[in-house]
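To start, the structure itself, in structure tokens.
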Amino acid sequence: MPEGPEVECVKKALQKLIGEKIKNIELTEHSQKYKKYKGKNNQFKYFKGKTIKKIVRYGKYFVWEFDTDKVILNHLGMTGMWYLSNKIEIKNATHPKLFIKTMSGIIAVFNDIRNFGQLRIFNNLSEIKEYPPIKNLGIDGLALPFPTELFIRKLNEKKYANKQIANVLLEQKLVAGIGNIYKSESLHLSKIDPRKTVKELSLEEKKRLAKAISQTLQKAVKSGGSSINTYRMPSGEEGRGQLWHQVYRKQYCANCNSKIKKIVQNKRTTYFCPKCQN
DNA sequence: CCGCTGGCCTGCGAGC
DNA sequence: TGCTCGCAGGCCAGCG
């Protein structure tokens, strides 16, 4: 579900936990029906009494750091969400996986409907940085200024030449943080046909694409993320990103009013305007 | 190293 | 009303 901008928005909200000492942390009953969490409660209980020092974003991942070497790698998957509250009841948490209560009374619940999210404990930060999905992350799509020249250099790598640009944009080792919505939106903003292979793109188009990616992702952060299906802020509020989508799940192009085309590339849906994007 | 396939899961809306 | 089907912001393991 969440792409880089949504993860960034959640990260910002989670900063409220920095400096908080953990009174209680445990996997929920509900988590135990999944193989990947089964019997792991003691490993998480290790963090009881520890203080949360940092919550950092790498692409679509969070890394939780404490006043100890061990760290937690956390990914929201398609439906993962953190809910923060001062009350015990958190209405939105229908599929809670991890429950944290701090000394000052803040409650944080990791909720994940489809269970594609991740919570993995590593012995230390350098172990996480060697973990391939983290180690191989490319340019942070939210970096400012966006490194256009580096982007083009990476895009020009042989392995991408014959791939369709829409598929390439989802490769986290090229740009980390783009997902299926902002893939379509970035290509629409830069007026590029998603079916074009990288070698068919002109230098001009690559530059436009770099700019469009950066603009799209920045705008999404400012909107609080896109709430298309299940994404909510940790407060339970919806983001407003969906209000300005130009193509994603749209019927008509916001630009020229032509009928938007919906195609499938690498098993992911792409929306584009056949008139504007060529 | 690469690319492809299937797998992991639940919920929702469309269509019958 | 109730059922099935297809689809959903993502990633990973295993194979050739």
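Each chain gets a letter, A, B and so on, in the order its sequence line appears, and its residues count up from 1.
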Considering only distance and modelled atom types, tabulate donor-acceptor pairs under 3.5 Å from the side chains of residues 163-176 of chain A, sequence neighbours left out.
from: A:K163; atom 1: NZ; to: A:E171; atom 2: OE2; distance (Å): 2.9
from: A:Q164; atom 1: OE1; to: A:Q265; atom 2: NE2; distance (Å): 2.6
from: A:Q172; atom 1: OE1; to: A:G177; atom 2: N; distance (Å): 2.8
from: A:Q172; atom 1: NE2; to: A:L170; atom 2: O; distance (Å): 3.2
from: A:Q172; atom 1: NE2; to: A:I178; atom 2: O; distance (Å): 3.0

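A salt bridge between A:E3 and A:K60 is absent, with no side-chain N of the basic residue lying under 4.0 Å from a carboxylate O of the acidic one. Salt bridge absent: A:D67 and A:K21 never bring a charged side-chain N and a carboxylate O closer than 4.0 Å.
Of the residues near DNA chain B, A:E171 and A:K267, the one whose nearest nucleotide (by heavy atom distance) lies more toward the 5' end is A:E171. Ranked by how close their nearest DNA chain B nucleotide is to the 5' end, A:R114 and A:N266 are led by A:N266.
Applying the salt bridge (Lys or Arg N to Asp or Glu O under 4.0 Å) rule to A:K48 yields no partners; only residues at least two apart in sequence or on another chain are considered. Legend: residues meeting salt bridge (Lys or Arg N to Asp or Glu O under 4.0 Å) with A:E130, ordered by chain and number and at least two apart, are A:K135. Applying the ring-ring contact (aromatic ring centres under 6.0 Å, His included) test to A:Y61 and every residue at least two apart in sequence or in another chain returns A:H75. By the ring-ring contact (aromatic ring centres under 6.0 Å, His included) test, A:F116 pairs with no residue at all, sequence neighbours left out. Remark: A:F272 pairs with no residue by the ring-ring contact (aromatic ring centres under 6.0 Å, His included) rule, at least two apart or across chains.
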Atom pairs, N/O to N/O, protein against nucleotides 14-16 of chain C, distance under 3.5 Å?
none

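Here C:dC11 presents its P atom at 13 Å from NZ of A:K183, a figure rounded to the nearest Å. Distance, A:I181 CD1 to C:dC7 P: 17 Å, rounded to whole Å.
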When Watson-Crick pairs (N1 to N3 and N6-O4 or O6-N4) and G-U wobble pairs (N1-O2 and O6-N3) count only below 3.5 Å on both distances, what is the dot-bracket string of DNA chain C, with | for other-strand pairs?
.|||||||.|||||||
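Looking only at atom types and distance, the side chain of A:K199 has a donor-acceptor partner in the side chain of A:N162 under 3.5 Å away. Looking only at atom types and distance, the side chain of A:E205 has no donor-acceptor partner in the side chain of A:S190 under 3.5 Å away.
C:dG14 and B:dC9 have their P atoms separated by 15 Å, given to the nearest Å.
Near-neighbour residues of DNA chain B inside residues 115-127 of chain A, defined by a heavy atom below 4.0 Å, number-ordered: A:F116. Contacts between residues 159-168 of chain A and DNA chain B, counted as heavy-atom distances below 4.0 Å, involve A:K159, A:K163. Residues from residues 26-44 of chain A with heavy atoms under 4.0 angstrom of DNA chain B, sorted by number: A:K33, A:Y34.
A:P133 comes within contact range of the sugar-phosphate backbone alone, with a heavy-atom separation under 4.0 Å but no base atom that close.
Side-chain contact check for A:L17 versus A:I106: some heavy-atom pair is nearer than 4.5 Å. Looking only at side-chain heavy atoms (C-beta outward), A:F122 and A:I134 stay at 4.5 Å or farther from each other.
For DNA chain B, the outermost nucleotides in 5' to 3' order that have an atom under 4.0 Å from a heavy atom of chain A are B:dC2 to B:dG11.
Using cut-offs of 30° and 60° for the angle between ring planes, the A:F110 and A:W82 rings count as tilted.
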